[in-house]
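Heads up, the thing below is written out as C-alpha coordinates.
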Number of protein chains: 2
Amino acid sequence: MEKKKINHYETANIAVNAVIFIIKDQKLWVYLSTREKAPFQNLLELPGGLLQPKETAEITLARKLKDITGVKNHFFQQFHTFTNPNRDPRSRIISIGFIALLAYDKVSNLKDFHQIDALPKLAFDHKEIIDRAIKYLKLNIDSQFVDQLMPNSFPLNDLQIVYEVIEGKKLDNRNFRKKILNSGLIQKAKIVQKNVNHRPASLYQFIKS
Amino acid sequence: MEKKKINHYETANIAVNAVIFIIKDQKLWVYLSTREKAPFQNLLELPGGLLQPKETAEITLARKLKDITGVKNHFFQQFHTFTNPNRDPRSRIISIGFIALLAYDKVSNLKDFHQIDALPKLAFDHKEIIDRAIKYLKLNIDSQFVDQLMPNSFPLNDLQIVYEVIEGKKLDNRNFRKKILNSGLIQKAKIVQKNVNHRPASLYQFIKS
DNA sequence: GCAAAAGTGTTGTCATTACACCCATGA
DNA sequence: TCATGGGTGTAATGACAACACTTTTGC
(Lines give C-alpha, C1' and ligand atoms only; values in the text may rest on other atoms or scores of the structure.)
Protein backbone atom coordinates (compact mmCIF):
# COMPACT_ATOMS: atom_id res chain seq x y z
CA MET A 1 0.00 0.00 0.00
CA GLU A 2 1.36 3.34 -0.97
CA LYS A 3 1.01 6.28 1.27
CA LYS A 4 0.30 9.43 -0.61
CA LYS A 5 3.10 11.89 -0.31
CA ILE A 6 1.24 15.00 0.67
CA ASN A 7 4.16 17.04 1.77
CA HIS A 8 7.83 16.32 1.60
CA TYR A 9 8.70 19.60 3.23
CA GLU A 10 10.05 19.91 6.68
CA THR A 11 8.15 21.22 9.63
CA ALA A 12 10.04 22.63 12.51
CA ASN A 13 9.71 24.33 15.82
CA ILE A 14 10.51 28.00 15.83
CA ALA A 15 12.70 29.30 18.59
CA VAL A 16 13.96 32.70 19.54
CA ASN A 17 17.28 33.27 21.24
CA ALA A 18 18.35 36.47 22.91
CA VAL A 19 21.89 37.71 23.17
CA ILE A 20 21.51 40.09 26.08
CA PHE A 21 24.44 42.48 26.30
CA ILE A 22 25.52 44.74 29.09
CA ILE A 23 28.70 46.77 29.44
CA LYS A 24 30.47 46.81 32.78
CA ASP A 25 34.06 47.23 33.89
CA GLN A 26 35.05 48.17 30.36
CA LYS A 27 33.93 44.79 29.04
CA LEU A 28 31.03 43.40 27.10
CA TRP A 29 29.04 40.75 28.99
CA VAL A 30 26.35 38.38 27.83
CA TYR A 31 23.63 36.60 29.77
CA LEU A 32 23.87 32.82 29.87
CA SER A 33 22.20 30.16 31.97
CA THR A 34 23.12 26.59 32.75
CA ARG A 35 21.19 23.84 30.99
CA GLU A 36 19.68 21.45 33.47
CA LYS A 37 18.65 18.81 30.98
CA ALA A 38 20.25 16.91 28.13
CA PRO A 39 21.33 17.57 25.50
CA PHE A 40 24.32 19.67 26.52
CA GLN A 41 23.47 19.23 30.18
CA ASN A 42 25.42 21.58 32.47
CA LEU A 43 26.70 23.66 29.59
CA LEU A 44 25.84 27.32 29.36
CA GLU A 45 23.24 28.46 26.86
CA LEU A 46 21.50 31.56 25.62
CA PRO A 47 18.04 32.29 26.93
CA GLY A 48 15.25 31.64 24.51
CA GLY A 49 12.18 29.61 23.87
CA LEU A 50 9.74 28.29 21.36
CA LEU A 51 6.97 30.24 19.71
CA GLN A 52 3.54 29.42 20.93
CA PRO A 53 0.53 29.48 18.61
CA LYS A 54 -0.47 33.01 17.61
CA GLU A 55 2.80 34.48 18.79
CA THR A 56 5.19 36.39 16.58
CA ALA A 57 8.87 35.97 17.36
CA GLU A 58 8.90 39.44 18.85
CA ILE A 59 6.07 38.65 21.26
CA THR A 60 7.72 35.43 22.37
CA LEU A 61 10.96 37.26 22.93
CA ALA A 62 9.39 40.09 24.92
CA ARG A 63 7.72 37.49 27.16
CA LYS A 64 10.99 35.62 27.70
CA LEU A 65 13.02 38.73 28.40
CA LYS A 66 10.58 39.92 31.00
CA ASP A 67 10.82 36.55 32.75
CA ILE A 68 14.60 36.61 32.71
CA THR A 69 15.51 40.13 33.67
CA GLY A 70 12.30 41.43 35.18
CA VAL A 71 12.60 44.46 32.91
CA LYS A 72 9.58 45.46 30.86
CA ASN A 73 9.86 46.97 27.40
CA HIS A 74 13.22 45.62 26.54
CA PHE A 75 15.00 46.95 23.52
CA PHE A 76 15.76 44.15 21.07
CA GLN A 77 16.37 43.62 17.41
CA GLN A 78 16.50 40.66 15.03
CA PHE A 79 19.90 40.09 13.51
CA HIS A 80 19.95 36.62 11.92
CA THR A 81 18.03 33.37 11.66
CA PHE A 82 19.87 30.10 12.19
CA THR A 83 18.62 27.18 10.15
CA ASN A 84 21.26 24.49 10.23
CA PRO A 85 19.24 21.25 10.26
CA ASN A 86 21.50 19.70 12.87
CA ARG A 87 21.68 22.61 15.23
CA ASP A 88 19.49 20.79 17.74
CA PRO A 89 20.16 17.05 18.04
CA ARG A 90 16.60 16.30 19.17
CA SER A 91 14.62 17.65 16.26
CA ARG A 92 14.62 20.41 13.75
CA ILE A 93 14.40 23.76 15.45
CA ILE A 94 15.28 26.95 13.72
CA SER A 95 16.20 29.92 15.82
CA ILE A 96 15.65 33.59 15.23
CA GLY A 97 18.49 35.49 16.87
CA PHE A 98 17.94 38.81 18.62
CA ILE A 99 20.25 41.19 20.36
CA ALA A 100 18.91 42.84 23.50
CA LEU A 101 20.70 45.74 25.15
CA LEU A 102 20.47 46.63 28.78
CA ALA A 103 21.95 49.19 31.13
CA TYR A 104 23.89 47.38 33.80
CA ASP A 105 22.16 49.30 36.57
CA LYS A 106 18.87 47.64 35.59
CA VAL A 107 20.30 44.20 36.28
CA SER A 108 19.57 43.00 39.77
CA ASN A 109 21.90 40.03 39.63
CA LEU A 110 25.05 40.08 37.59
CA LYS A 111 26.12 36.52 38.26
CA ASP A 112 24.59 35.18 35.05
CA PHE A 113 26.55 37.56 32.86
CA HIS A 114 29.77 36.38 31.27
CA GLN A 115 32.56 38.28 29.62
CA ILE A 116 32.44 37.68 25.91
CA ASP A 117 36.17 37.17 25.60
CA ALA A 118 36.26 34.34 28.11
CA LEU A 119 33.37 32.07 27.23
CA PRO A 120 33.55 28.34 27.91
CA LYS A 121 32.04 25.78 25.56
CA LEU A 122 28.37 26.52 25.00
CA ALA A 123 25.33 24.42 24.18
CA PHE A 124 24.02 24.04 20.61
CA ASP A 125 25.30 26.63 18.13
CA HIS A 126 25.10 29.37 20.72
CA LYS A 127 28.72 30.39 20.35
CA GLU A 128 28.09 31.07 16.68
CA ILE A 129 24.96 33.04 17.54
CA ILE A 130 26.90 35.19 19.98
CA ASP A 131 29.73 35.76 17.51
CA ARG A 132 27.29 36.96 14.92
CA ALA A 133 25.50 39.14 17.44
CA ILE A 134 28.76 40.85 18.37
CA LYS A 135 29.55 41.43 14.72
CA TYR A 136 26.11 42.92 14.22
CA LEU A 137 26.50 45.16 17.25
CA LYS A 138 29.89 46.47 16.16
CA LEU A 139 28.69 47.04 12.62
CA ASN A 140 25.51 48.84 13.61
CA ILE A 141 26.68 50.83 16.59
CA ASP A 142 24.69 54.03 16.86
CA SER A 143 23.31 56.33 19.49
CA GLN A 144 20.07 54.35 19.74
CA PHE A 145 22.03 51.25 20.75
CA VAL A 146 24.33 53.10 23.10
CA ASP A 147 21.36 54.80 24.74
CA GLN A 148 20.03 51.38 25.78
CA LEU A 149 23.32 50.45 27.38
CA MET A 150 23.51 53.58 29.55
CA PRO A 151 21.82 54.34 32.87
CA ASN A 152 19.40 57.23 32.89
CA SER A 153 22.14 59.71 33.63
CA PHE A 154 25.84 59.20 33.33
CA PRO A 155 29.21 60.96 33.17
CA LEU A 156 30.53 61.60 29.68
CA ASN A 157 33.52 59.42 30.35
CA ASP A 158 31.28 56.41 30.97
CA LEU A 159 29.67 57.03 27.61
CA GLN A 160 33.07 57.14 26.02
CA ILE A 161 33.94 53.78 27.53
CA VAL A 162 30.83 52.22 26.01
CA TYR A 163 31.85 53.42 22.57
CA GLU A 164 35.39 52.22 23.17
CA VAL A 165 34.27 48.74 24.19
CA ILE A 166 31.98 48.32 21.21
CA GLU A 167 34.35 49.81 18.68
CA GLY A 168 37.26 47.98 20.23
CA LYS A 169 39.58 50.97 20.36
CA LYS A 170 40.56 53.90 22.53
CA LEU A 171 39.10 57.30 21.74
CA ASP A 172 40.57 60.73 22.42
CA ASN A 173 38.81 62.23 25.40
CA ARG A 174 38.71 65.84 24.19
CA ASN A 175 37.60 64.92 20.71
CA PHE A 176 34.95 62.57 22.02
CA ARG A 177 33.43 65.23 24.28
CA LYS A 178 33.44 67.82 21.55
CA LYS A 179 31.70 65.49 19.14
CA ILE A 180 29.07 64.12 21.47
CA LEU A 181 28.23 67.53 22.92
CA ASN A 182 27.87 69.02 19.44
CA SER A 183 25.67 66.15 18.30
CA GLY A 184 22.61 67.45 20.12
CA LEU A 185 21.79 63.94 21.32
CA ILE A 186 22.49 64.46 25.00
CA GLN A 187 21.91 67.14 27.57
CA LYS A 188 23.20 67.92 31.03
CA ALA A 189 21.13 66.38 33.78
CA LYS A 190 20.18 68.48 36.79
CA ILE A 191 22.10 66.24 39.11
CA VAL A 192 25.80 65.77 39.71
CA GLN A 193 27.83 62.74 40.62
CA LYS A 194 28.27 62.14 44.33
CA ASN A 195 30.34 60.04 46.70
CA VAL A 196 33.30 59.53 44.45
CA ASN A 197 36.79 60.17 45.66
CA HIS A 198 37.70 62.45 42.83
CA ARG A 199 36.26 65.52 41.20
CA PRO A 200 32.56 64.76 40.66
CA ALA A 201 31.44 64.56 37.06
CA SER A 202 28.54 66.37 35.47
CA LEU A 203 25.89 63.86 34.54
CA TYR A 204 24.24 63.78 31.13
CA GLN A 205 21.25 62.03 29.62
CA PHE A 206 20.01 61.17 26.18
CA ILE A 207 17.34 63.52 24.91
CA LYS A 208 14.29 61.36 24.37
CA SER A 209 12.58 62.42 21.16
CA MET B 1 -10.97 12.24 29.91
CA GLU B 2 -8.00 14.48 29.87
CA LYS B 3 -5.54 14.49 27.05
CA LYS B 4 -2.01 14.97 28.20
CA LYS B 5 -0.56 18.17 26.88
CA ILE B 6 2.76 17.00 25.50
CA ASN B 7 3.61 20.04 23.52
CA HIS B 8 1.76 23.27 23.27
CA TYR B 9 4.34 24.77 20.98
CA GLU B 10 3.72 25.50 17.38
CA THR B 11 5.30 23.72 14.48
CA ALA B 12 5.54 25.48 11.19
CA ASN B 13 6.87 25.23 7.71
CA ILE B 14 9.91 27.32 7.01
CA ALA B 15 9.96 29.32 3.81
CA VAL B 16 12.49 31.56 2.18
CA ASN B 17 11.53 34.52 0.03
CA ALA B 18 13.88 36.39 -2.25
CA VAL B 19 13.62 40.03 -3.11
CA ILE B 20 15.64 40.07 -6.32
CA PHE B 21 16.66 43.58 -7.26
CA ILE B 22 18.02 44.93 -10.50
CA ILE B 23 18.62 48.51 -11.55
CA LYS B 24 17.62 49.57 -15.02
CA ASP B 25 16.48 52.84 -16.62
CA GLN B 26 17.37 54.67 -13.43
CA LYS B 27 14.84 52.64 -11.45
CA LEU B 28 14.87 49.81 -8.96
CA TRP B 29 13.01 46.71 -10.15
CA VAL B 30 11.99 43.57 -8.30
CA TYR B 31 11.23 40.10 -9.59
CA LEU B 32 7.64 38.91 -9.10
CA SER B 33 5.63 36.06 -10.53
CA THR B 34 1.89 35.48 -10.81
CA ARG B 35 0.32 33.02 -8.41
CA GLU B 36 -1.55 30.35 -10.26
CA LYS B 37 -3.33 28.86 -7.26
CA ALA B 38 -5.37 30.09 -4.36
CA PRO B 39 -4.88 31.77 -2.00
CA PHE B 40 -4.21 35.10 -3.69
CA GLN B 41 -4.70 33.54 -7.10
CA ASN B 42 -3.55 35.79 -9.96
CA LEU B 43 -1.80 38.21 -7.64
CA LEU B 44 1.89 38.80 -7.92
CA GLU B 45 4.21 37.26 -5.35
CA LEU B 46 7.87 37.02 -4.45
CA PRO B 47 9.74 33.89 -5.47
CA GLY B 48 10.48 31.50 -2.65
CA GLY B 49 9.86 28.07 -1.36
CA LEU B 50 9.87 25.78 1.60
CA LEU B 51 12.91 24.24 3.20
CA GLN B 52 13.34 20.57 2.55
CA PRO B 53 14.81 18.24 5.15
CA LYS B 54 18.54 18.80 5.62
CA GLU B 55 18.50 22.13 3.87
CA THR B 56 19.57 25.37 5.44
CA ALA B 57 17.69 28.46 4.34
CA GLU B 58 20.71 29.50 2.30
CA ILE B 59 20.79 26.22 0.40
CA THR B 60 17.09 26.37 -0.34
CA LEU B 61 17.46 29.90 -1.57
CA ALA B 62 20.42 29.16 -3.81
CA ARG B 63 18.45 26.32 -5.37
CA LYS B 64 15.42 28.53 -5.96
CA LEU B 65 17.41 31.41 -7.40
CA LYS B 66 19.15 29.18 -9.85
CA ASP B 67 15.78 27.88 -11.04
CA ILE B 68 14.37 31.36 -11.45
CA THR B 69 17.16 33.32 -13.06
CA GLY B 70 19.43 30.60 -14.41
CA VAL B 71 22.31 32.37 -12.71
CA LYS B 72 24.63 30.32 -10.51
CA ASN B 73 26.29 31.70 -7.42
CA HIS B 74 23.85 34.44 -6.73
CA PHE B 75 24.71 37.05 -4.19
CA PHE B 76 22.12 37.14 -1.43
CA GLN B 77 21.80 38.12 2.18
CA GLN B 78 19.28 37.56 4.99
CA PHE B 79 17.62 40.73 6.17
CA HIS B 80 14.60 39.76 8.29
CA THR B 81 12.41 36.86 9.31
CA PHE B 82 8.65 37.26 9.14
CA THR B 83 6.68 35.38 11.77
CA ASN B 84 3.19 36.82 11.85
CA PRO B 85 1.00 33.79 12.59
CA ASN B 86 -1.58 34.85 10.02
CA ARG B 87 0.75 35.68 7.20
CA ASP B 88 -0.35 32.59 5.31
CA PRO B 89 -4.07 31.78 5.56
CA ARG B 90 -3.52 28.04 4.99
CA SER B 91 -1.20 27.23 7.84
CA ARG B 92 1.61 28.64 9.83
CA ILE B 93 4.58 29.39 7.64
CA ILE B 94 7.36 31.66 8.71
CA SER B 95 9.47 33.22 6.03
CA ILE B 96 13.12 34.17 6.05
CA GLY B 97 13.58 37.18 3.80
CA PHE B 98 16.65 37.58 1.60
CA ILE B 99 17.74 40.28 -0.76
CA ALA B 100 19.43 39.12 -3.95
CA LEU B 101 21.22 41.55 -6.23
CA LEU B 102 21.73 41.04 -9.92
CA ALA B 103 23.27 42.94 -12.80
CA TYR B 104 20.55 43.61 -15.33
CA ASP B 105 22.70 42.25 -18.16
CA LYS B 106 22.54 38.82 -16.58
CA VAL B 107 18.76 38.74 -16.83
CA SER B 108 17.56 37.04 -19.98
CA ASN B 109 13.96 38.10 -19.61
CA LEU B 110 13.01 41.35 -18.00
CA LYS B 111 9.25 40.90 -18.19
CA ASP B 112 8.96 39.57 -14.64
CA PHE B 113 10.64 42.59 -13.13
CA HIS B 114 8.47 45.38 -11.74
CA GLN B 115 9.33 48.91 -10.77
CA ILE B 116 9.22 49.21 -7.03
CA ASP B 117 7.36 52.51 -7.08
CA ALA B 118 4.45 51.09 -9.07
CA LEU B 119 3.59 47.77 -7.49
CA PRO B 120 0.03 46.47 -7.55
CA LYS B 121 -1.49 44.55 -4.67
CA LEU B 122 0.66 41.56 -3.81
CA ALA B 123 0.01 38.15 -2.29
CA PHE B 124 0.55 37.43 1.42
CA ASP B 125 2.70 39.97 3.26
CA HIS B 126 5.01 40.33 0.31
CA LYS B 127 4.56 44.07 0.07
CA GLU B 128 5.84 44.37 3.62
CA ILE B 129 8.76 42.09 2.82
CA ILE B 130 9.72 44.24 -0.15
CA ASP B 131 9.41 47.45 1.84
CA ARG B 132 11.73 46.11 4.47
CA ALA B 133 14.15 44.84 1.83
CA ILE B 134 14.34 48.29 0.26
CA LYS B 135 14.95 49.85 3.65
CA TYR B 136 17.71 47.34 4.29
CA LEU B 137 19.28 47.99 0.91
CA LYS B 138 19.30 51.77 1.38
CA LEU B 139 20.65 51.48 4.88
CA ASN B 140 23.43 49.08 4.00
CA ILE B 141 24.47 50.34 0.61
CA ASP B 142 28.13 49.66 0.05
CA SER B 143 30.50 48.77 -2.73
CA GLN B 144 29.91 45.05 -2.27
CA PHE B 145 26.21 45.53 -2.98
CA VAL B 146 26.78 47.91 -5.85
CA ASP B 147 29.31 45.54 -7.40
CA GLN B 148 26.58 42.90 -7.69
CA LEU B 149 24.29 45.29 -9.51
CA MET B 150 26.84 46.23 -12.16
CA PRO B 151 27.86 44.41 -15.35
CA ASN B 152 31.44 43.25 -15.54
CA SER B 153 32.60 46.55 -16.97
CA PHE B 154 30.72 49.79 -17.03
CA PRO B 155 31.07 53.54 -17.55
CA LEU B 156 31.51 55.58 -14.39
CA ASN B 157 28.29 57.40 -15.08
CA ASP B 158 26.32 54.16 -14.93
CA LEU B 159 27.84 53.46 -11.55
CA GLN B 160 26.81 56.90 -10.43
CA ILE B 161 23.22 56.19 -11.46
CA VAL B 162 23.15 53.04 -9.35
CA TYR B 163 24.23 54.99 -6.29
CA GLU B 164 21.68 57.69 -7.10
CA VAL B 165 18.83 55.22 -7.40
CA ILE B 166 19.63 53.48 -4.14
CA GLU B 167 20.35 56.64 -2.19
CA GLY B 168 17.37 58.35 -3.75
CA LYS B 169 19.20 61.55 -4.64
CA LYS B 170 21.28 63.14 -7.38
CA LEU B 171 25.04 63.19 -6.97
CA ASP B 172 27.54 65.68 -8.31
CA ASN B 173 29.33 64.13 -11.27
CA ARG B 174 32.78 65.57 -10.60
CA ASN B 175 32.69 64.80 -6.91
CA PHE B 176 31.45 61.28 -7.54
CA ARG B 177 34.24 60.51 -10.01
CA LYS B 178 36.88 61.93 -7.73
CA LYS B 179 35.68 59.89 -4.80
CA ILE B 180 35.20 56.58 -6.57
CA LEU B 181 38.51 56.81 -8.42
CA ASN B 182 40.36 57.61 -5.21
CA SER B 183 38.69 54.75 -3.38
CA GLY B 184 40.87 52.11 -5.00
CA LEU B 185 37.84 49.88 -5.55
CA ILE B 186 37.68 50.07 -9.31
CA GLN B 187 40.12 50.07 -12.18
CA LYS B 188 39.98 50.97 -15.84
CA ALA B 189 39.08 48.05 -18.06
CA LYS B 190 41.07 47.40 -21.20
CA ILE B 191 38.06 47.98 -23.38
CA VAL B 192 36.14 51.09 -24.30
CA GLN B 193 32.48 51.70 -24.97
CA LYS B 194 31.40 51.23 -28.59
CA ASN B 195 28.42 51.94 -30.81
CA VAL B 196 27.07 54.88 -28.88
CA ASN B 197 26.21 58.11 -30.62
CA HIS B 198 28.21 60.24 -28.29
CA ARG B 199 31.72 60.31 -26.97
CA PRO B 200 32.50 56.75 -25.87
CA ALA B 201 33.14 56.26 -22.19
CA SER B 202 36.06 54.52 -20.58
CA LEU B 203 34.87 51.33 -18.95
CA TYR B 204 35.76 50.38 -15.41
CA GLN B 205 35.46 47.27 -13.30
CA PHE B 206 35.52 46.40 -9.64
CA ILE B 207 38.82 45.02 -8.46
CA LYS B 208 38.08 41.52 -7.22
CA SER B 209 40.01 40.87 -4.08
C1' DG C 1 27.34 71.51 -37.04
C1' DC C 2 24.35 69.49 -33.84
C1' DA C 3 22.94 66.32 -30.26
C1' DA C 4 24.42 63.56 -26.57
C1' DA C 5 26.90 62.10 -22.95
C1' DA C 6 32.00 62.04 -21.22
C1' DG C 7 35.22 64.22 -18.78
C1' DT C 8 37.75 67.74 -15.96
C1' DG C 9 39.84 71.67 -11.12
C1' DT C 10 39.46 74.93 -7.72
C1' DT C 11 37.83 76.90 -3.61
C1' DG C 12 35.36 77.05 0.87
C1' DT C 13 33.55 74.69 4.70
C1' DC C 14 33.26 71.33 8.03
C1' DA C 15 34.65 67.19 10.54
C1' DT C 16 38.42 64.73 12.39
C1' DT C 17 42.85 64.17 14.34
C1' DA C 18 46.73 64.99 17.34
C1' DC C 19 48.26 66.61 21.44
C1' DA C 20 49.25 68.06 27.44
C1' DC C 21 47.96 70.24 31.32
C1' DC C 22 45.08 72.07 35.27
C1' DC C 23 40.85 71.16 38.36
C1' DA C 24 37.90 69.46 42.13
C1' DT C 25 37.11 66.25 45.35
C1' DG C 26 37.82 62.48 49.20
C1' DA C 27 40.88 60.25 52.00
C1' DT D 1 49.28 66.53 49.99
C1' DC D 2 48.28 62.91 47.27
C1' DA D 3 45.58 59.99 44.37
C1' DT D 4 41.86 59.84 41.21
C1' DG D 5 39.36 60.74 37.46
C1' DG D 6 37.05 65.31 35.38
C1' DG D 7 37.53 68.73 32.27
C1' DT D 8 39.49 71.98 28.66
C1' DG D 9 41.63 74.64 23.28
C1' DT D 10 44.18 75.07 19.17
C1' DA D 11 46.29 74.02 14.91
C1' DA D 12 46.85 70.84 10.86
C1' DT D 13 44.78 67.70 7.82
C1' DG D 14 41.52 65.44 5.10
C1' DA D 15 36.74 64.79 3.37
C1' DC D 16 32.87 66.72 1.18
C1' DA D 17 30.12 70.31 -1.29
C1' DA D 18 29.40 73.75 -4.69
C1' DC D 19 30.03 75.08 -9.16
C1' DA D 20 30.37 75.35 -15.52
C1' DC D 21 32.63 74.45 -19.40
C1' DT D 22 35.27 71.66 -23.02
C1' DT D 23 35.76 67.12 -25.46
C1' DT D 24 34.66 63.29 -28.39
C1' DT D 25 31.89 60.71 -30.96
C1' DG D 26 27.72 59.46 -34.44
C1' DC D 27 24.52 61.25 -37.39
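A note on names: the letters A, B, ... follow the listed sequences, proteins ahead of strands, and every chain is numbered from 1. Not measured: the values here are computed from a predicted model.
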Donor-acceptor list for residues 93-109 of chain A side chains, cut-off 3.5 Å, not counting sequence neighbours:
residue  : atom : partner  : partner atom : Å
A:Ser95  : OG   : A:Asn17  : OD1          : 2.7
A:Asn109 : OD1  : A:Lys111 : N            : 2.9

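Put simply, chain B comes within 4.0 Å of DNA chain C, heavy atom to any atom, from C:dA4 to C:dT10, going 5' to 3'. Taking the 5' to 3' direction, DNA chain D first and last meets chain B under 4.0 angstrom from a heavy atom at D:dA17 to D:dG26.
Two residues are said to be in side-chain contact when any heavy atoms from C-beta on lie closer than 4.5 Å; B:Leu137 and B:Phe21 meet this criterion. Proximity of A:Phe145 to A:Gln77: side-chain heavy atoms (C-beta onward) are separated by under 4.5 Å at one or more points. Looking only at side-chain heavy atoms (C-beta outward), B:Met150 and B:Val162 come within less than 4.5 Å of each other. Side-chain contact between B:Arg35 and B:Gln41: absent, with no pair of heavy atoms (C-beta onward) separated by less than 4.5 Å. At least one side-chain heavy atom of A:Val19 sits under 4.5 Å from a side-chain heavy atom of A:Leu46.
Counting only distance, with no hydrogens or angles, the side chain of A:Glu128 and the backbone of A:Asp125 share no donor-acceptor pair below 3.5 Å.
With sequence neighbours excluded, the residues that form a side-chain contact (heavy atoms from CB on, under 4.5 Å) with A:Glu167 are A:Ile141, A:Tyr163, A:Lys169, A:Leu171.
Map A:Ser202 and A:Asn197 each onto its nearest nucleotide of DNA chain D; the residue landing nearer the 5' end is A:Asn197. Sequence order on DNA chain C of the closest nucleotides to B:His198 and A:Asn195 puts B:His198 first from the 5' end.
In this structure, CD1 in A:Ile186 is found 9.5 Å from CD in A:Gln205, a value given to the nearest 0.5 Å.
Against DNA chain D, the stretch residues 159-185 of chain B makes heavy-atom approaches under 4.0 Å through B:Asp172, B:Arg174, B:Asn175, B:Lys178.
Pairs of residues two or more places apart, or lying in two chains, that qualify as ring-ring contact (aromatic ring centres under 6.0 Å, His included) and include a residue from residues 181-209 of chain A are A:Phe154-A:Phe206.
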